[in-house]
Amino acid sequence: MDACVFDLDGVLVDSEPVWEEVRRAYVADHGGTWQPDTQTKLMGMSTGEWAAYLHEIGVEQEPGDIARGVIDEMAARYRDGVPLMPKAVETVRRLAATATLGLASSSPGG
């Protein structure tokens with residue numbers, strides 16, 4: 001193997017619980033109503049898609065503002081530490097010794 005491309009969320013970073021917590025709180029704080037299937041629906045959505053969905057469930061902001069607010073909160077949470085998946089660091093280091101590594105993500109840039 002000459003190269004390996006890692007996905008960020010769910011492979012290297014255990015981000016889904018943090019995303020859920022942040023978005024759930026954002027919805028509650030901004031007039032929306034979290035539905036029983038909201039988290040399931042949000043998984044895999046792009047930033048524009050999930051921001052529009054949060055607007056549809058009652059968040060009283062435009063999708064662009066929702067996205068910025070949630071992303072700002074995620075960045076604040078990650079400043080305290082990024083929740084890595086088990087063995088992520090060891091795996092990256094081991095592969096880096098013999099292969100070119102890349103990182104792919106549909107997460108928004110910070």
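The structure presented is a predicted model; accordingly, all values stated were derived computationally and were not measured. In what follows, every heavy atom counts, from backbone to side chain, and hydrogens, waters and symmetry copies are set aside.
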So, do [X] and [Y] sit near enough that their side-chain heavy atoms are less than 4.5 Å apart?
{"X": "Trp50", "Y": "Met43", "answer": "no"}
{"X": "Val59", "Y": "Ile66", "answer": "yes"}
{"X": "Pro17", "Y": "Trp19", "answer": "no"}
{"X": "Val27", "Y": "Ile57", "answer": "yes"}
{"X": "Tyr78", "Y": "Val18", "answer": "yes"}
{"X": "Leu54", "Y": "Leu42", "answer": "yes"}
{"X": "Val92", "Y": "Leu101", "answer": "yes"}
{"X": "Glu20", "Y": "Trp34", "answer": "yes"}

Any chance you could measure [X], atom [atom1], to [Y], atom [atom2], to the nearest 0.5 Å?
{"X": "Thr38", "Y": "Glu56", "atom1": "OG1", "atom2": "CD", "answer": "10.5 Å"}
{"X": "Leu103", "Y": "Leu8", "atom1": "CG", "atom2": "CG", "answer": "5.0 Å"}
{"X": "Met74", "Y": "Arg79", "atom1": "CE", "atom2": "CZ", "answer": "11.5 Å"}
{"X": "Glu90", "Y": "Leu84", "atom1": "CD", "atom2": "CG", "answer": "9.5 Å"}

Might you point out which heavy atoms bring [X] and [Y] nearest each other, and give the distance in Å?
{"X": "Met45", "Y": "Lys41", "answer": "CE-O, 3.2 Å"}
{"X": "Ser105", "Y": "Asp9", "answer": "OG-OD2, 3.7 Å"}
{"X": "Glu49", "Y": "Gly44", "answer": "OE1-O, 4.4 Å"}
{"X": "Pro63", "Y": "Ala51", "answer": "O-CB, 3.3 Å"}
{"X": "Tyr26", "Y": "Asp65", "answer": "OH-O, 3.7 Å"}
{"X": "Ser15", "Y": "Gly10", "answer": "OG-N, 4.3 Å"}

| field | Salt-bridge criterion met for Glu73 and Arg23 (N-O under 4.0 Å) | value |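 No salt bridge links Glu73 with Arg23.
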| said: One pair to check against side chain to side chain contact (heavy atoms under 4.5 Å, CB included): His55 and Glu62. What are the steps and the verdict? | reply: CA-CA 7 Å; His55 181 71; Glu62 292 302 312; 4.2 Å; yes
| Are the side chain of Gln35 and the backbone of Thr33 linked by a donor-acceptor contact shorter than 3.5 Å? |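 Present.
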| said: How about CE on Met85, more than 12 heavy atoms from neighbouring residues, nucleotides or ligands closer than 6.0 Å, or not? | reply: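 Yes, because the 6.0 Å sphere around CE of Met85 holds more than 12 heavy atoms from other groups.
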| Shared hydrophobic cluster, Phe6 / Met1 (ILVMFWY, side-chain heavy atoms < 4.5 Å) |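 Same hydrophobic cluster.
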